[in-house]
Asker: 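Pasting a structure here, questions to come.
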Amino acid sequence: MRDGQVLIGQRRVDQPMPSLWEFPGGKIEPGETPEQALVRELTEEIGIYAEIGPAVTHIRHNYRSGSAVDLQFFAVHQFSGEIENHIYQQVRWVKLDMLPGYDFLAADRQLIRDLAAGKLL
């Protein structure tokens with residue numbers, strides 16, 4: 001979060017679910033806490049060192065393909081370094097009420113509605 005905006009990334013066309021938007025982050029490696037994984041992933045994906053804030057929500061989503069994801073979202077209000085796009089087609093700072101205008105991954109859509117409605121953060 002920065003000045004009432006949140007950072008989102010658009011998947012590259014050569015990735016699964018191409019061109020959809022998501023929040024930076026990724027998989028938890030063995031031995032990591034969710035917070036440690038997020039620090040590592042944000043460094044790898046966008047070149048920042050983040051101070052992980054409180055948990056925002058936890059979502060379990062089943063895709064039509066049969067795969068499932070278990071997502072944990074945390075607020076990040078403080079970070080050091082400059083945003084550098086390492087993996088996305090593009091990254092963008094977006095006001096919360098503008099989030100529904102982006103085509104997000106299905107697993108993120110309820111979170112998007114809640115953020116835009118001011119229910120979280």
Side-chain angles (χ1 to χ4, degrees):
M1 293 290 305
R2 180 180 77 178
D3 299 325
Q5 297 182 327
V6 65
L7 187 73
I8 60 175
Q10 186 180 36
R11 289 177 171 236
R12 294 186 323 261
V13 295
D14 63 334
Q15 293 177 303
M17 296 178 262
S19 299
L20 294 180
W21 291 86
E22 65 182 0
F23 294 101
K27 293 183 177 81
I28 300 170
E29 299 291 340
E32 285 182 322
T33 66
E35 293 87 350
Q36 290 168 333
L38 185 54
V39 168
R40 178 184 50 74
E41 288 282 346
L42 292 176
T43 301
E44 292 172 2
E45 293 181 0
I46 56 174
I48 63 168
Y49 181 80
E51 295 179 34
I52 308 304
V56 173
T57 193
H58 186 175
I59 297 169
R60 180 157 175 80
H61 181 80
N62 295 307
Y63 282 96
R64 291 182 201 168
S65 65
S67 64
V69 291
D70 188 47
L71 303 170
Q72 298 179 58
F73 292 90
F74 294 87
V76 174
H77 296 282
Q78 303 271 349
F79 63 88
S80 59
E82 296 295 321
I83 302 291
E84 298 173 8
N85 179 6
H86 295 168
I87 67 159
Y88 291 105
Q89 185 170 310
Q90 62 179 313
V91 293
R92 186 176 291 179
W93 288 101
V94 178
K95 291 183 180 180
L96 295 176
D97 63 347
M98 300 302 291
L99 288 171
Y102 291 84
D103 192 10
F104 272 85
L105 294 168
D108 293 346
R109 291 183 186 148
Q110 183 59 52
L111 173 61
I112 297 306
R113 288 189 289 273
D114 289 347
L115 287 170
K119 293 181 181 178
L120 305 170
L121 299 178

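Each residue takes its place number in the sequence, starting with 1. Side-chain atoms are counted along with the backbone in the values below, which use heavy atoms only and exclude waters and symmetry mates. From a predicted model like this one, the values you see are computed outputs, not experimental measurements.
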Asker: Between Q72 (side chain) and H58 (backbone), is there a donor-acceptor pair under 3.5 Å?
Answerer: no

Asker: To which residues is W93 joined in a hydrophobic cluster, defined by side-chain heavy-atom contacts under 4.5 Å among Ile, Leu, Val, Met, Phe, Trp and Tyr, whether direct or through other members?
Answerer: L7, L38, V39, L42, I46, I48, Y49, I52, F74, V76, F79, I83, I87, Y88, V91

Asker: Residues two or more places apart in sequence or in another chain: which of them pass ring-ring contact (aromatic ring centres under 6.0 Å, His included) with H61?
Answerer: Y63

Asker: Can a salt bridge be assigned to the pair D70 and K27 using a cut-off of 4.0 Å between side-chain N and carboxylate O?
Answerer: no

Asker: Do the non-hydrogen side-chain atoms of Y102 and E22 ever get within less than 4.5 Å of each other?
Answerer: no

Asker: Heavy atoms, side chains only, cut-off 4.5 Å: are V56 and F23 in contact?
Answerer: no

Asker: Is R12 paired with D14 through a side-chain N to carboxylate O contact shorter than 4.0 Å?
Answerer: yes

Asker: Given side chains that start at C-beta, do those of L99 and F104 come closer than 4.5 Å, heavy atoms only?
Answerer: yes

Asker: Check whether any side-chain heavy atom of D108 sits under 4.5 Å from a side-chain heavy atom of F73, and report yes or no.
Answerer: yes

Asker: List the residues meeting side-chain hydrogen bond (donor to acceptor under 3.5 Å, both in side chains) with S80, not counting sequence neighbours, and say none if there are none.
Answerer: none

Asker: For the pair H86 (side chain) and E44 (backbone), establish whether a donor and an acceptor sit closer than 3.5 Å, ignoring hydrogens and angles.
Answerer: yes

Asker: Out of curiosity, T57 OG1 to L120 CG, how far, rounded to the nearest 0.5 Å?
Answerer: 6.0 Å

